[in-house]
Novice: 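Okay, here's the structure, questions in a sec.
A, B, ... follow the sequence lines: proteins, then strands. Residue 1 opens every chain.
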Number of protein chains: 2
Amino acid sequence: MKRDSRLSGVLHILLHMARQPGPQTSETLARAMETNPVVVRRLMAGLREQGLVRSEKGHGGGWVIARDLDRITLRDIYEALGEPEILAMGNRTEAPGCLVEQAVNAALGSAFDEAEALLLRRFGEVTLAQLSADVVDRMPSAADTTTLENAHEA
Amino acid sequence: MKRDSRLSGVLHILLHMARQPGPQTSETLARAMETNPVVVRRLMAGLREQGLVRSEKGHGGGWVIARDLDRITLRDIYEALGEPEILAMGNRTEAPGCLVEQAVNAALGSAFDEAEALLLRRFGEVTLAQLSADVVDRMPSAADTTTLENAHEA
DNA sequence: TTTCATGTAACTTCAAATGATACGTGAGTG
DNA sequence: CACTCACGTATCATTTGAAGTTACATGAAA
């Protein structure tokens with residue numbers, strides 16, 4: 001399967017939005033991500049429904065973040081995306097009659113559950129504010145005025 | 001993508017083999033798994049290369065486990081399968097120039113790594129012997145003579 | 001030599017993310 | 001009011017890898 005990069009992608013979008021004052025269009029955000037505006041809208045749709053972002057049509061429209069950055073965790077975003085599959089592996093059958101398969105499912109299942117739970121816990125501990133601060137830490141000090149355009153020239 | 005169930009499948013195969021004395025053919029094992037003999041051979045190919053199982057051609061041939069059950073961990077089997085992808089999610093880009101994406105990758109990447117490490121650690125702690133014992137625990141006591149055939153009728 | 005069973009290549013099927021095109025809707029602008 | 005901008009969304013193509021299937025070669029035992 002192709003690796004799911006929606007969480008990675010939407011975080012990229014949100015952090016770019018966080019660094020710019022006004023509304024950002026899907027068009028602009030798509031260029032920063034080297035992708036298509038429709039992909040941006042699709043990613044953002046779930047976030048809008050959860051009230052994490054707002055969108056406006058027409059002139060001067062675009063996307064804005066609708067909540068304080070320190071009150072949005074990666075977990076909130078993950079859930080807004082529709083809680084995509086975390087693991088690429090799984091049990092062959094869900095409710096097998098075969099005792100052998102039941103034993104396999106029990107052993108693998110608990111390991112899978114633990115790994116998922118760990119990841120979700122980590123997601124819950126990281127806020128957009130923290131990530132945004134990390135971006136600043138990574139910047140050569142003089143470049144604090146980096147715009148969406150030249151952010152991708154480096 | 002479709003969920004990868006190779007580990008689950010190969011464990012099912014191995015535990016069925018563990019409960020029968022002689023060599024088992026791909027044909028027989030495939031019937032127990034409700035799949036195709038070629039799929040069985042494909043799953044077992046890696047295990048054979050790692051010396052976990054042996055195969056013989058011709059009359060009376062088939063597959064046998066080549067090592068004590070308590071010396072085979074799920075991790076051994078996972079590695080013999082070629083270490084398939086564990087996570088369905090990943091970073092959009094591996095070595096991005098964009099500082100924003102670098103920050104995203106760092107945050108997500110460490111969480112991903114932790115989850116993977118946890119799962120692999122769990123795999124390393126479980127042996128085939130333990131799983132096989134668990135199968136017995138799940139059996140109604142009188143059914144200890146369950147064969148491959150009626151194991152799937154219950 | 002016939003049969004059985006593995007070893008593999010090649011093809012089809014399937015699922016889901018991603019990319020792209022097209023068109024509808026609503027909000028500003030002139 | 002007409003026009004443009006930007007989102008909303010349906011639809012289709014592309015991509016990737018697992019899983020299933022068919023076909024045939026190889027080697028071992030009867």
Novice: Across the strands shown, which category fits Glu85(A) at heavy-atom distances under 4.0 angstrom: base, sugar-phosphate, nothing?
Specialist: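 If one applies the 4.0 Å heavy-atom cut-off, Glu85(A) turns out to touch nothing in the nucleic acid.
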Novice: With sugar-phosphate meaning primed atoms plus P, OP1 and OP2, does Gly62(A) contact a base, only sugar-phosphate, or nothing at under 4.0 Å between heavy atoms?
Specialist: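 Gly62(A): backbone/sugar contact only, no base atoms under 4.0 Å.
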Novice: Without decimals, in angstroms, what is the distance between Leu43(B) CG and dG17(D) P?
Specialist: 17 Å
Novice: Quick one: is dC7(D) close enough that its OP1 or OP2 comes under 4.0 Å of any side-chain N or O from Ser55(A)?
Specialist: no
Novice: Could you tell me the separation between the CD1 atom of Ile13(A) and the P atom of dT18(C), rounded to a whole number of Å?
Specialist: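 That distance rounds to 11 Å.
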Novice: Less than 4.0 angstrom between a side-chain N/O of Ser26(B) and OP1 or OP2 of dA5(C), yes or no?
Specialist: no
Novice: What is the distance, to the nearest angstrom, from the CZ atom on Arg48(A) to the C1' atom on dG26(C)?
Specialist: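 Whole-Å distance recorded here is 13 Å.
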Novice: Name the residue closer to the 5' end of DNA chain C, choosing between Arg6(A) and Arg41(A) according to the nucleotide with the nearest heavy atom.
Specialist: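 Of the two residues, Arg6(A) wins.
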Novice: Can you tell me which nucleotide in dA19(D), dG19(C), dA17(C) comes closest to the side chain of Arg42(B)?
Specialist: dA19(D)
Novice: Report the residue (Ser5(A) or Gly58(A)) whose heavy-atom-nearest nucleotide on DNA chain C is the more 5′ of the two.
Specialist: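 Comparing both residues, the 5'-ward one is Ser5(A).
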Novice: Starting at NE2 of His59(A) and ending at P of dT29(C), how long is that distance when rounded to a whole Å?
Specialist: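 It is 7 Å, rounded to the nearest whole Å.
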Novice: Just how far, in rounded Å, is C1' of dG17(D) from CE of Met89(A)?
Specialist: 14 Å
Novice: Counting only heavy atoms not in Glu79(A), do more than 12 sit closer than 6.0 Å to its CD atom?
Specialist: yes
Novice: Answer yes or no: is there an ion pair linking Glu27(A) with Arg31(A), defined by an N-O contact shorter than 4.0 Å?
Specialist: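 Counted as a salt bridge, because a side-chain N and a carboxylate O are separated by less than 4.0 Å.
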Novice: Between Ser8(B) and Ser5(B), is there a side-chain donor-acceptor contact under 3.5 Å, judged purely by atom types and distance?
Specialist: no
Novice: Side chain of Asn36(B) only, heavy atoms from C-beta on: which candidate in dT22(D), dC7(D), dG19(C) is closest?
Specialist: dT22(D)
Novice: What integer distance in Å separates Glu34(B):CD from dA19(D):P?
Specialist: 15 Å
Novice: May I have the distance from Lys57(A) (atom NZ) to dA27(C) (atom C1'), rounded to whole angstrom?
Specialist: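 It works out to 9 Å between those atoms.
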Novice: Between Val39(B) and Glu49(A), which residue's closest nucleotide on DNA chain D lies nearer the 5′ terminus?
Specialist: Glu49(A)
Novice: From the set dT21(D), dA20(C), dC7(D), return the single nucleotide nearest to any side-chain atom of Val38(B).
Specialist: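 For the Val38(B) side chain, the nearest candidate turns out to be dT21(D).
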Novice: Give, for atom CG of Asp113(A) and atom CG of Leu118(A), the distance between the pair rounded to the nearest 0.5 Å.
Specialist: 12.5 Å
Novice: Do you know the tightest heavy-atom contact between His12(A) and Arg92(B)?
Specialist: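 Looks like ND1-NH2, 3.5 Å.
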Novice: When the distance from CD of Gln24(A) to P of dA6(D) is rounded to whole Å, what number comes out?
Specialist: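 Taking atom P of dA6(D) as the reference, CD of Gln24(A) is at 12 Å.
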